[in-house]
Structure formats: structure tokens, C-alpha cells
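Worksheet for the structure shown next.
Counting from 1, the numbers follow the sequence of the chain as shown.
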Amino acid sequence: MKKEALEQARQAYDIEEACIREMKDHFDEEAFSAAVALLAGATRIGTSGCGHSGIICQHFAHLLCCIERPARFISPAEAVHGATGFLTEGDVMVFASRGGKTAELLPILAICRKKGVKVITVTENMESPLAQGADVVLKQHVNRETDKYNAQGTTSTTALCMIFHALQAALIEETGYQNEQFAVIHPGGAVGERLNGKEM
């Protein structure tokens with residue numbers, strides 16, 4: 001391995017560690033609490049984003065299902081072809097867009113508004129269309145991406161993931177979700193064995 005490659009790898013750890021530390025300075029307790037209240041009260045939750053943000057939104061939808069908050073990732077491509085029928089008035093849509101201007105998400109925002117679906121947007125741009133059209137906006141702070149060109153979706157995905165992980169942790173407390181409930185829906189794998197007392 002080139003010396004420069006190893007140095008870049010080490011720097012990646014430092015960059016992302018610094019980002020998570022700095023995110024605490026941008027934590028808005030009021031907005032976060034409002035987001036948790038919406039998610040806790042929703043019958044159904046949709047998530048949507050493009051590229052790396054979309055991948056992390058898929059992860060968040062699965063995390064929500066793991067604590068029995070019915071959720072699904074709604075592909076931006078499918079959303080405008082009927083998939084937003086999953087959501088009804090009072091449900092919640094979570095958008096993730098670092099710039100807050102992702103063109104594919106704007107028509108979904110309009111649909112949510114017409115249907116009475118509440119909107120949570122996670123973005124770095126608090127003045128963006130997706131932020132302005134949301135009921136709650138959570139600030140995504142990113143210091144820089146880990147690659148030397150500051151272009152790849154690396155630190156930004158970690159920051160988004162951290163916000164979603166914090167939401168799930170809060171929701172477990174807010175809704176009183178119990179590990180015994182998780183054991184019922186997660187009998188598979190090593191985690192299932194541990195939860196159901198079947199460790200060898």
C-alpha cells in the first residue's frame with residue numbers, strides 16, 4: 001500500500017470522529033423533540049432520499065420496523081407513480097437531502113402536503129425548499145467528506161446515520177418499547193438466539 005493511501009485511511013477516522021463531536025453543537029432539542037413526537041404518533045412512516053441519502057433512509061426504515069413503528073422506504077422514482085398511496089393523513093414522511101434541493105423529492109413533498117402527511121426533513125441547508133416545506137427540520141452538520149477531493153458521500157452518510165440512530169434511541173424510550181417485543185420479531189441469527197435465551 002502507498003504511504004499516502006494509509007495516511008488517507010487514518011485521516012478518514014479523524015474526519016468522521018470530529019464530525020460526530022461537532023454535531024452535538026448543532027443539536028436542536030426542540031426540533032428533535034418535535035420529530036420524535038411525530039414519529040411516535042404516526043401510524044405509518046415513509047422515508048425517501050436519493051443516492052447515499054436514500055440508502056441511509058432504507059436503513060432508517062428498517063430500524064423503525066425493528067421497534068415496531070411501521071415504515072418503508074419510498075423510492076423517489078416510485079413515489080410519483082403511486083407509492084405515496086402508502087401514506088395517509090397524519091402519517092409521517094422523512095426526507096434526507098444534504099442540500100435540501102433534490103429535484104426528485106420536491107414532487108413527493110407536494111403530494112405529502114396535499115394528503116396531510118407530516119414532513120420531517122434532514123438537511124444541511126435550513127433555507128432550502130425541502131426545509132421550508134417541512135413541519136420539522138433537523139440540521140445535518142458535515143465538516144468534510146473523507147476523500148481528498150471532498151466529493152464522495154462518506155462523512156455525510158455517517159452524519160445522517162447518526163441522526164437516525166439518535167431518533168431510534170429516543171423513540172425506544174418515548175414509546176416504552178421493550179426488548180421482549182423485539183425478541184418476538186427477531187428470532188433469527190445470533191441476536192435472535194441471545195434475545196430468546198438460546199445461546200449455545
How close do [X] and [Y] get, counting heavy atoms only, and between which atoms?
{"X": "A79", "Y": "I111", "value": "O-CD1, 4.2 Å"}
{"X": "A9", "Y": "Y13", "value": "O-CD1, 3.4 Å"}
{"X": "V80", "Y": "P107", "value": "CG1-CB, 3.8 Å"}
{"X": "V117", "Y": "T88", "value": "CG2-O, 3.6 Å"}
{"X": "E104", "Y": "P76", "value": "CB-CB, 3.9 Å"}

Could you tell me whether a side-chain N or O of [X] sits under 3.5 Å from a main-chain N or O of [Y], the two making a donor and an acceptor?
{"X": "T123", "Y": "R98", "value": "yes"}
{"X": "K139", "Y": "E124", "value": "yes"}
{"X": "T47", "Y": "C57", "value": "yes"}
{"X": "K115", "Y": "L87", "value": "yes"}
{"X": "N143", "Y": "I15", "value": "yes"}
{"X": "S53", "Y": "S97", "value": "no"}
{"X": "S48", "Y": "I74", "value": "yes"}
{"X": "R69", "Y": "A40", "value": "yes"}

Inter-residue atom distance [X].[atom1] - [Y].[atom2], 0.5 Å rounding:
{"X": "L138", "Y": "H26", "atom1": "CG", "atom2": "NE2", "result": "13.5 Å"}
{"X": "T43", "Y": "E89", "atom1": "OG1", "atom2": "CD", "result": "11.0 Å"}
{"X": "F60", "Y": "C65", "atom1": "CZ", "atom2": "SG", "result": "10.5 Å"}
{"X": "R144", "Y": "N150", "atom1": "CZ", "atom2": "CG", "result": "4.5 Å"}
{"X": "E17", "Y": "T158", "atom1": "CD", "atom2": "OG1", "result": "12.0 Å"}
{"X": "K114", "Y": "T84", "atom1": "NZ", "atom2": "OG1", "result": "10.5 Å"}

Are [Y] and [X] co-members of a hydrophobic cluster defined by side-chain heavy atoms under 4.5 Å apart?
{"X": "V119", "Y": "F32", "answer": "no"}
{"X": "V136", "Y": "M126", "answer": "no"}
{"X": "M162", "Y": "L39", "answer": "yes"}
{"X": "I163", "Y": "F95", "answer": "no"}
{"X": "I45", "Y": "V36", "answer": "yes"}

Derivation and outcome, side-chain contact (heavy atoms from CB on, under 4.5 Å), residues M93 and L109
CA-CA 9 Å; M93 170 62 87; L109 175 62; over 6 Å; no

Can you tell if the side chain of R10 reaches within under 4.5 Å of the side chain of L6, non-hydrogen atoms only?
yes

With a 3.5 Å cut-off and sequence neighbours excluded, list the donor-acceptor pairs that the side chains of residues 164-174 form with protein atoms.
from : atom 1 : to  : atom 2 : distance (Å)
H165 : NE2    : H59 : NE2    : 2.9
Q168 : NE2    : L63 : O      : 3.3

Please check if any side-chain donor atom of E7 sits under 3.5 Å from a side-chain acceptor atom of Q11, or the reverse.
yes

Is it the case that the side chains of S156 and E145 hold a donor-acceptor pair, with the cut-off being a distance below 3.5 Å and no angle test?
yes

Strictly by salt bridge (charged side-chain N to carboxylate O under 4.0 Å, His left out), give each pair with a member in residues 147-161 just once, sequence neighbours left out.
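Applying salt bridge (charged side-chain N to carboxylate O under 4.0 Å, His left out) to every pair that reaches into residues 147-161, excluding sequence neighbours, yields nothing.
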
Quick one: which residue pairs count as a salt bridge (charged side-chain N to carboxylate O under 4.0 Å, His left out) with a foot in residues 36-53, not counting sequence neighbours?
R44-D91

I'd like to know whether Q140 forms a side-chain contact (heavy atoms from CB on, under 4.5 Å) with L160, so could you lay out the CA-CA distance, the side-chain angles of the two residues, the decisive distance to 0.1 Å, and finally the verdict.
CA-CA 7 Å; Q140 179 183 9; L160 180 58; 3.8 Å; yes

Kindly determine whether I67 and T175 satisfy side-chain contact (heavy atoms from CB on, under 4.5 Å), including the steps that lead there.
CA-CA 9 Å; I67 56 171; T175 62; 5.6 Å; no

Candidate list T121, T102, L106, test side-chain contact (heavy atoms from CB on, under 4.5 Å), partner P129, passing option
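Passing option: L106.
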
Just to verify, which of L105, V137, N125 counts as forming a side-chain contact (heavy atoms from CB on, under 4.5 Å) with L130?
L105

